[in-house]
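Contents: one structure, followed by commentary.
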Amino acid sequence: MSTLFDLPPDQGSHADLTGDLNPAQRAAVEHAGVPLLVVAGAGSGKTRVLTRRIAYLLAARSAHPGQIMAITFTNKAAAEMRERVGELVGRRSGAMWVSTFHSMCVRVLRREAKTLEMSSNFSIYDADDARRLLTLVARDLDLDSKRYQPRALAAHISNLKNELIDSESAGSHATNDFERRAAEVYVEYQRRLSQANAMDFDDLIMRTVELFQVFPDVAEYYRRRFRHVLVDEYQDTNHAQYTLVRELVGREPTESGVEPAELCVVGDADQSIYAFRGATIRNIEEFERDFPDARTILLEQNYRSTQTILSAANAVISRNPNRRDKRLWTSEGDGEKVVGYVADNEHDEAAFVAGEIDELVDQGVAKYSDVAVFYRTNNQSRVFEEIFIRLGLPYRVVGGVRFYERKEVRDALAYLRVLANPDDTVSLRRILNVPKRGIGDRAEACVATHAERERISFVSALRDAVADKVPMLNPRSRKAITAFVELLDGLYELVDSGVEVADILEAVLDRTGYRAELDASDDPQDASRLENLDELVTVAREFTESAAEAAALAPEPDADEEPDGGVPEPGSLPAFLERVSLVADADSIPESDGGDADDDEEADDAGVVTLMTVHTAKGLEYPVVFGTGWEDGVFPHLRALGEPKELAEERRLAYVAITRARERLYVSRALVRTQWGQPAANPASRFLDEIPAELIDWRREAPSSGGGGSPRAATTWGGRPGTGSDSAQSRIASGGMRTTGFKGAGNDWKDTVALKLDAGDRVNHDKYGLGTVVSTDGSGPRATATIDFGTAGTVRLMLIGSVPMVKL
DNA sequence: CACCCCTGTATTTTT
DNA sequence: TACAGGGGTG
């Protein structure tokens, strides 16, 4: 396939790049010069504009790929952009920097580590590591762990860093007792980070800003190099990221005459849903003030949804105060009405959703992969999982406890991090006694005190312990520590011998006894932990392989591309660690668009239904969307009800939820919902009332208020006469699910058969107990078994993912 | 030092 | 309901 870039650059128009765009899109692609803000409503072709713009810069404006920096928030977005630009311009896209804010900063910081007088192999601490370190610090400062919870301290310090307030000046910004003590914690926290040769996520941004501000020549180097800076999801930038962009681009020519780079930011204030993480909508709202000569282009034409869906979205979002008006429209027609449903409780709601999906698939209206179910908080996924399992609907939950946040995965990675950076004290202390090897709190404290007193690193203190130079340490602990140090030394030798990452990992799991311990356990959760570790080994294996492949077919390094000093060797242990620290596993979201080439297997019921929070859904789209739990106190969340600002953010969240839908949108709520064990009656979400009544077709409404009071117990499937068997099935399902306790329904369904069963097999299920397999059906991801659990009933279960059941 | 039981607590979470 | 962290005991 020939790429558009092969077109002769100066033959008049570049119609291939702009011909199929609407006028606003084309203007955004062709704009040159002053800073550009593209206000891109949901589904308005934002990624298209960005990628075309990059291709256009190369083709029509003779930019060099090496001059382009495109910044996103997620690796997934970065990968997608790189791929789509690659389709347009070919291999030359390799010379561009297309990355997330964080990995871009890591790349810069590793290159410039010397300037900042630090080592380029620094560890990257995520939220969990940061909290661990804060726990240690707070304990050392004798702070009351109730009043000064690591969580709260972490949040506060993170906010300070997002505002570019460093530890020295934090004290003067403190307005109350908590903040004053937190400022002290901050100082010590930074000291310990630097001692551990580590940075947290916020440091990556802040230190890069600092680098640019303190060393103008460094800033100038990057400005000279990157003449075009593009930022995606600009509404989600925080103050530090905004400043970073500004420093990168520059406001006026440098002394040696480097002009500011050309800036293009794309975003949608209405989709700003990360204020709680420090994102400030101000950045997009005030863009024209920050860059006075800026131009703004609005993209309002939507290519995703029906007009009905857009009208619902417009109606809801327009209730937000102080908002720049923007109305999405489509030329594609009204489509179906929004379907509403008022359920008696969350089980009924889930039954409705499941029944509806079943029917849509039966009728050939949609396939499973066309459908997404959204909820406000992760714990709401459970009722859906329960009923989907019972009905045999294939599904997958995205989010929740993510792969790299699982304890066993983090333990394993902590070993690798210690191997890559022995000063990484947080990781070292994490694994010190994992698996249990007789080094308890007492011994750890002795070593820590010794390290502190002698001003040496924790590893050195451990070695002192081996040499019996640590006071107060009992011989038993000393012996345990000696064994541990020897274990580490063995692993260091392995690393030095240049063995590949996966093999190091295997050695860690074997030599520490970690795997053996899990193997020996009969806890079913430990079995899934083992699987996760195997998965991690596979990830490492593939990492090395793909690095080798990339090296094999790498193009000649660009002439004006300097080698990246300090950047880890591809495929190496540090490179692997960098990858896993800066990657979330959002890539696991299944493709939903039926238009793609490799989709022609079973047409009707292919794929799986996707379940996720609304936050996770941002940026995705599905033909059929179920928005669930639309109740005041749930969505909008209870904690937002009294706060206008938070309520506005919840409304944006509702807007995001609605605009994910292409053809069909369902909204539902439950009259009563069990939260934290207690049933609570919640009123309808105010957002439901904000959708114009004529757009909604209510399948079932609330019992007329006034008398009555208590909600009816029986579910009446209003408006759907003649589908009695369907509702009966659903009623059984919801009725039988009252007692919960289903555990281990993992979040990462792998489409593998976890259990091979045949009729007659005996099984033990976590919830239903002992049973006999009556029959089996289907294969692969859709394998199910009908099992007689005696008094617990006969149930059809899916066999994919982590089935909470063992074969006897 | 390890284990067990108790209690308190409970959004969303791109990196 | 579920989990993590604290405190007590073996």
Side-chain angles (χ1 to χ4, degrees), chain A residues 71-78 99-106 124-131 135 139 145-146 149-151 154-155 158 162 199-205 232-233 235-238 240-241 271-279 374-380 382-383 399-402 404-405 407 433 435-445 474 476-477 480 578-587 589 612-620 629 633-641 646 649-650 652-653 656-657 674-679 739-744:
Chain A
I71 311 175
T72 63
F73 275 87
T74 67
N75 292 292
K76 190 168 174 253
S99 65
T100 64
F101 271 103
H102 295 267
S103 50
M104 177 270 243
C105 288
V106 169
I124 298 164
Y125 280 5
D126 69 7
D128 186 78
D129 301 313
R131 228 174 304 144
T135 308
R139 200 176 291 158
S145 63
K146 285 245 156 44
Q149 293 164 347
R151 243 178 96 93
S158 175
N162 289 163
M199 290 199 218
D200 65 23
F201 280 149
D202 302 314
D203 284 335
L204 297 176
I205 313 288
D232 192 15
E233 305 280 17
Q235 78 282 353
D236 288 333
T237 51
N238 61 36
Q241 288 157 339
Q271 294 185 65
S272 164
I273 56 174
Y274 284 102
F276 69 94
R277 291 268 285 101
F374 298 159
Y375 33 77
R376 176 66 238 268
T377 61
N378 281 122
N379 60 15
Q380 292 170 253
R382 208 157 105 188
V383 280
V401 184
R402 290 189 299 275
Y404 289 110
E405 283 168 14
K407 179 187 173 300
N433 200 31
K436 298 252 176 299
R437 52 172 71 90
I439 309 174
D441 294 347
R442 181 71 210 266
E444 185 184 342
N474 71 45
R476 208 192 172 93
S477 305
E578 180 168 319
R579 162 74 144 271
V580 299
S581 349
L582 292 177
V583 141
D585 54 350
D587 306 277
I589 298 169
M612 65 187 125
T613 65
V614 182
H615 280 91
T616 308
K618 197 180 86 165
L620 305 175
V634 175
F635 188 23
H637 194 272
L638 188 64
R639 299 202 18 189
L641 289 183
E646 293 197 39
E649 176 142 321
E650 296 282 317
R652 292 192 290 269
L653 203 49
V656 167
T674 306
Q675 285 171 303
W676 307 318
Q678 291 293 311
T739 53
T740 47
F742 182 85
K743 56 178 177 180

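As the structure is a prediction and not an experimental result, all values here were calculated from the model. First the proteins, then the strands, lettered A, B, ... as listed; each starts at 1. The figures that follow rest on heavy atoms only: side chains count, while hydrogens, waters and symmetry mates do not.
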Out of B:dT13, B:dC1, B:dT11, which nucleotide sits closest to the side chain of A:E646? B:dT11
Listed nucleotide nearest any side-chain atom of A:H637, set B:dT11, B:dA2, C:dG6: B:dT11
Is there a stack between A:F276 and B:dT12, judged by ring centres under 5.5 Å and planes under 30°? yes
Between [N] ([atom2]) and [X] ([atom1]): distance, integer Å:
X: A:D126; N: B:dT13; atom1: CG; atom2: C1'; value: 12 Å
X: A:Q675; N: C:dA2; atom1: CD; atom2: P; value: 15 Å
X: A:K436; N: B:dA2; atom1: NZ; atom2: P; value: 6 Å
X: A:K146; N: B:dG8; atom1: NZ; atom2: C1'; value: 7 Å
X: A:D441; N: C:dG7; atom1: CG; atom2: C1'; value: 12 Å
X: A:E405; N: B:dT12; atom1: CD; atom2: P; value: 11 Å
X: A:E444; N: B:dA2; atom1: CD; atom2: P; value: 11 Å
X: A:N433; N: B:dC3; atom1: CG; atom2: C1'; value: 13 Å

Do A:R277 and A:D202 sit within salt-bridge range, that is, some charged N less than 4.0 Å from a carboxylate O? no
Under 4.0 Å, counting only non-hydrogen atoms across every strand here, what does [X] touch: a base, just sugar-phosphate, or nothing?
X: A:E650; answer: base
X: A:I205; answer: nothing
X: A:F101; answer: nothing
X: A:A127; answer: nothing
X: A:D202; answer: nothing

Less than 4.0 angstrom between a side-chain N/O of [X] and OP1 or OP2 of [N], yes or no?
X: A:T613; N: B:dT13; value: yes
X: A:S477; N: B:dC1; value: yes
X: A:N378; N: B:dA10; value: no
X: A:R382; N: C:dA2; value: yes

pair A:D236-A:Q241: side-chain heavy atoms closer than 4.5 Å: no
Are A:P636 and A:L641 side-chain neighbours, meaning at least one heavy-atom pair lies under 4.5 Å? yes
Going by the side-chain contact (heavy atoms from CB on, under 4.5 Å) test, name the single residue among A:L204, A:D203, A:D200 that passes it with A:I124. A:L204
Closest nucleotide of DNA chain B for A:N379 versus for A:Q149: which of these residues is on the 5' side? A:Q149
Specify the closest pair of heavy atoms between A:G438 and A:A480, including all atoms of both residues, with the distance to one decimal. O-CB, 3.8 Å
Establish whether the base of B:dT11 is bridged to the side chain of A:R376 by a donor-acceptor pair shorter than 3.5 Å. no
Around A:R437, counting heavy atoms of other residues, nucleotides and ligands shown, do more than 12 lie under 6.0 Å from its CZ? yes
When you check the glycosidic angle of B:dT12, does it come out syn, meaning within 90° of 0, or anti? anti
